[in-house]
Amino acid sequence: MQTSLHEQLTTVETAKKLGLSDDEYGQIKKILGRVPNFTELSIYSVMWSEHCSYKNSILWLKTLPKDGPHMLAKAGEENAGLVAIGNGLGCAFKIESHNHPSAIEPYQGAATGVGGINRDIFTMGARPIAQLNSLRFGNINSEKTRWLVKGVVKGIGDYGNAFGVPTVGGEVYFDDCYNINPLVNAMSAGIVEAGKTASAISYGTGNPVYIVGSATGKDGIHGATFASADITEDSAKDLPAVQVGDPFQEKLLLEASLEVIASGAVIGMQDMGAAGIICSTSEMSAKGKHGMVINLDKVPTRQANMQPFEILLSESQERMLVVVKKGREKEVEQIFDKWDLHCTIIGEVAEGNRLHFFMHGELVADVPAETLVLGGGAPVYKREYKEPAYIALCKNYDIGRIPIPKNLRDVADFLLTHPNICSRKWIYEQYDSMVGTVNMSTNKPSDAAIVNIKTTDMAIALTVDCNSRYVYAHPETGCAIAVAEAARNIICSGGEPSAITNCLNFGNPYNPEVYWQFVHAIKGMGKACTKFQTPVTGGNVSFYNQSSDEGPVFPTPTIGMLGILKNKADRMTLDFKKAGDIIFLIGESVNDIACSEYLYSYHCFKNSPPPYFDLDEEFNVQQFVKKLIRAKLLKSAHDVSDGGLYITLSESAMPGMLGFSIYTDSETRKDSFLFGEAQGRIVVTAGPEQEEVILKLAAENDIAISAIGEVTPGTVAVDEEDFGAIAEIKKKYNNALAGYLK
């Protein structure tokens, strides 16, 4: 063993500075049979960080359903989930967070989040065809929030637009709990032919190991460790932990990667995301039950005199690790040379299970691969948890204490212009939604984004959903609602829910109350996914979303759902089509304003339970609406969600500049009927000639339904009270967000 391995020997104090505990340092010494040097300890610090190891979450994640009728790659098996969609095609899709980087450098933090999630898709051999995002920010009246919004949106737009993949959907919420720690969750989906996928694996002694793409710099070093700690006043000093992206380089890497995979010369390929080279080498080696010998001095670098740990841990963007079949090196090199990309052999696959890293011929690290990864030697913890005190306050809520405003039209205008409800036009107009000509929803709006699968009769439906206020109020119910709403959006768009990916954003897992939120959210997700037969294909856990001043963010388990339209003719849109059409409300109408935007923001009442939700009723309503769509009985379908029935109707009216006239339910509070957010409800329209058959089918299927009014030429009325012209309503709705962000 060469002497350099024993240089820079570490202590428990070194370990603590790198985010490791006393016990973990002891485990590392036991694994190695000696004291680790600084490079080795740095390796374990990133690979055993929460961001990479899921050490505080994996026990509960394993309880989620992973099997389904369409699964091709289950959670944890590949870089992203893979689902069969028909016609010999698969859809790879995944969502991940880039919260901490975006909190201190919003432009690059968001941009590199987009780049990273797309690489996860095309390293599997799938061509990305659609992007979505879920964003959470603090108080919109704050100058810092406005700075963060503008930076994040520009970062997403600039990277995605240049990369050439349309942004087809998303969501944006504002709440004071995100003042310090915003959430930036990016989702991507791609299409691949069955049998033409690539795997993140390494095997075959002597096979060459390449690094391809961009040169390696000092950006992103210890980024995984940075993402596994609370945001503090000193976090801005961690700017080197934020990566810098280049979408044009990524576009070249996309084309080169797909071409080299198609050549058949590749054994395995993996994106260098969190933890960089050490992550890719260890995960691919552990999966293939082989080792590697890597020469770090062969890695192309952007900066001189980089230390071994810096090269290993750098999270520089637009890079891949590729293991190639020996003898086909020239073929692979020619492909990457054609695309003007670095393609350098940095080592080879070795027998055994150890990773040997050399620098100028000297051994600088020697670690067993499986001890760095999930299911190997990485620690697994079962944390204590307890119900937070605020839950009791939510349970004590009484609707009778909330006064009904005299002027409900004022409430309607308040909600239409609220930043959590108003049009996101200011944001989505900065994204290219039409590049690639696959987005079918730009001019025909629907609850989920409909993405065309060219040369087939099929399309896919994509959505991201989570009302974190519901999850905060009751994590199990709130997370189940997030899954149910995603399924509802797919159904209302004419699709069949297939599978989900998730991005689980929570505070510090060592806080028992935060961990209680996490555990119960997982339980709710599991129940709902089992009911809707939407297995979890993978995703991302993002803990430590909190600050020393503000505490944890609302628990935000973002659900990204994939749906399938086997026939594009089944597509359904949300917009009203013709004056005189009948408006139906499908689903149980209950006296409930709990947790609504109306209660939370208009009445400023912060502690209430989640809205009414019955999982079985929800499922039955969705199945009934699916039948109506397949039978061609409906002209529009739109789910009732944030802002309640009035906002749903307004959103359906605005695209075609039509209006509506409805009557409220005398057995329900008027504010509840208009602005309550009870779940499991869908607004549909149909021609008068279909009314009888729809009502008959509802009775046969035991589904609650009522005809509440009709579509009008352009005015809005509630119980014959004038609520204004749709042109004026649309103007307020469309311009509100831009007004906030001036």
Side-chain angles (χ1 to χ4, degrees), residues 56-57 59-61 63-64 136 138 173 175-179 181 183 230 382-402 420 465-485 502 504-528 541-547 549-559 590-615 618 641-642 672 676-680:
N56 288 304
S57 58
L59 282 176
W60 287 101
L61 295 178
T63 68
L64 292 170
R136 301 291 197 285
Y173 284 93
D175 191 276
D176 288 356
C177 74
Y178 304 108
N179 278 340
N181 199 134
L183 303 182
D230 297 350
K382 189 172 183 179
R383 303 249 73 90
E384 293 182 358
Y385 54 91
K386 67 175 183 179
E387 182 177 287
Y390 73 81
I391 294 294
L393 298 176
C394 294
K395 292 176 181 177
N396 288 332
Y397 157 79
D398 178 5
I399 190 174
R401 298 175 186 172
I402 309 300
N420 285 344
D465 291 285
C466 180
N467 188 313
S468 57
R469 192 166 58 248
Y470 300 170
V471 186
Y472 176 77
H474 193 283
E476 187 168 330
T477 299
C479 193
I481 288 174
V483 175
E485 183 179 356
N502 58 49
L504 307 178
N505 307 274
F506 290 81
N508 191 320
Y510 292 84
N511 178 335
E513 295 188 350
V514 166
Y515 204 72
W516 181 89
Q517 294 173 332
F518 173 76
V519 169
H520 285 270
I522 293 294
K523 289 181 177 180
M525 186 186 307
K527 287 180 181 177
V541 177
S542 177
F543 281 135
Y544 300 97
N545 291 291
Q546 65 181 65
S547 69
D549 295 332
E550 301 278 339
V553 301
F554 283 168
T556 311
T558 306
I559 303 298
V590 296
N591 201 37
D592 182 21
I593 58 172
C595 235
S596 63
E597 195 68 64
Y598 161 64
L599 178 66
Y600 189 84
S601 297
Y602 186 85
H603 286 286
C604 298
F605 193 96
K606 305 300 183 184
N607 291 299
S608 65
Y612 174 84
F613 175 70
D614 183 292
L615 185 57
E618 174 84 51
S641 55
D642 302 335
S672 172
E677 297 177 12
Q679 299 295 293

Measure across R401 and N396 and return the closest heavy-atom pair with its distance rounded to 0.1 Å.
NH1-O, 4.0 Å

As an exercise, state the distance from SG of C595 to NZ of K606, rounded to the nearest 0.5 Å.
10.5 Å

Output a table of donor-acceptor pairs, distance under 3.5 Å, between side-chain atoms of residues 471-482 and any protein atom two or more places apart or on a different chain; print 'none' if there are none.
from	atom 1	to	atom 2	distance (Å)
H474	ND1	T477	N	3.2
H474	ND1	T477	OG1	3.1
E476	OE2	K527	NZ	2.5

Spell out, as yes or no, whether a donor-acceptor pair under 3.5 Å connects the side chain of E677 to the backbone of E597.
yes

For A594 and P610 the tightest heavy-atom approach is CB-O, 3.9 Å

Any side-chain donor-acceptor pair under 3.5 Å between T556 and Y173?
no

Tell me if the centroids of the rings in F518 and F543 come within less than 6.0 Å of each other.
yes

How many angstroms lie between CD1 in I399 and OG in S672, if you round to the nearest 0.5 Å?
5.5 Å

How long is the span from the CG atom in L59 to the NZ atom in K382, to the nearest 0.5 Å?
7.0 Å

If you define the side chain from C-beta out and look only at heavy atoms, does anything of I522 sit under 4.5 Å from L504?
yes

Side chain proximity check, Y544 to Y510, heavy atoms < 4.5 angstrom:
yes

Look only at the side chain of N545 and the backbone of N505, and say whether a donor-acceptor pair between them is shorter than 3.5 Å.
no

Identify the two heavy atoms, one from Y515 and one from E384, that lie closest to each other, and give their separation to 0.1 Å.
CB-O, 3.9 Å

Taking N502 for its side chain and T558 for its backbone only, find out whether a donor-acceptor pair lies under 3.5 Å.
no

Would you find a donor on one side and an acceptor on the other, under 3.5 Å apart, between the side chain of T63 and the backbone of K523?
no

Considering residues at least two apart in sequence or located in another chain, which fulfil the side-chain contact (heavy atoms from CB on, under 4.5 Å) criterion with P388?
Y390, I391, E513, W516

Within-4.5 Å side-chain heavy-atom neighbours: Y397 and I593
yes

Residues P509 and N56: closest non-hydrogen pair is CG-ND2, 3.8 Å

Parallel, tilted or perpendicular: ring planes of Y385 versus H520, cut at 30 and 60 degrees:
perpendicular

Strictly distance-based, threshold 3.5 Å: is any side-chain N or O of N179 a donor or acceptor partner for the main-chain N or O of D176?
yes

Is it true that a side-chain atom of R136 and a backbone atom of D175 form a donor plus acceptor pair closer than 3.5 Å?
no

State, yes or no, whether a side-chain contact exists between N420 and D642 at a heavy-atom distance under 4.5 Å.
no

May I ask you to test the P611-S596 pair for a side-chain heavy-atom distance under 4.5 Å?
no

When you measure from the side chain of E485 to the backbone N and O of V483, does any donor-acceptor pair fall under 3.5 Å?
no

Going from CG on D592 to OG on S608, what distance comes out if it is rounded to the nearest 0.5 angstrom?
8.5 Å

Side-chain heavy atoms of N181 within contact of E550, under 4.5 Å
no

Heavy-atom distance under 4.5 Å between the side chains of Q679 and Y612, does that happen here?
no

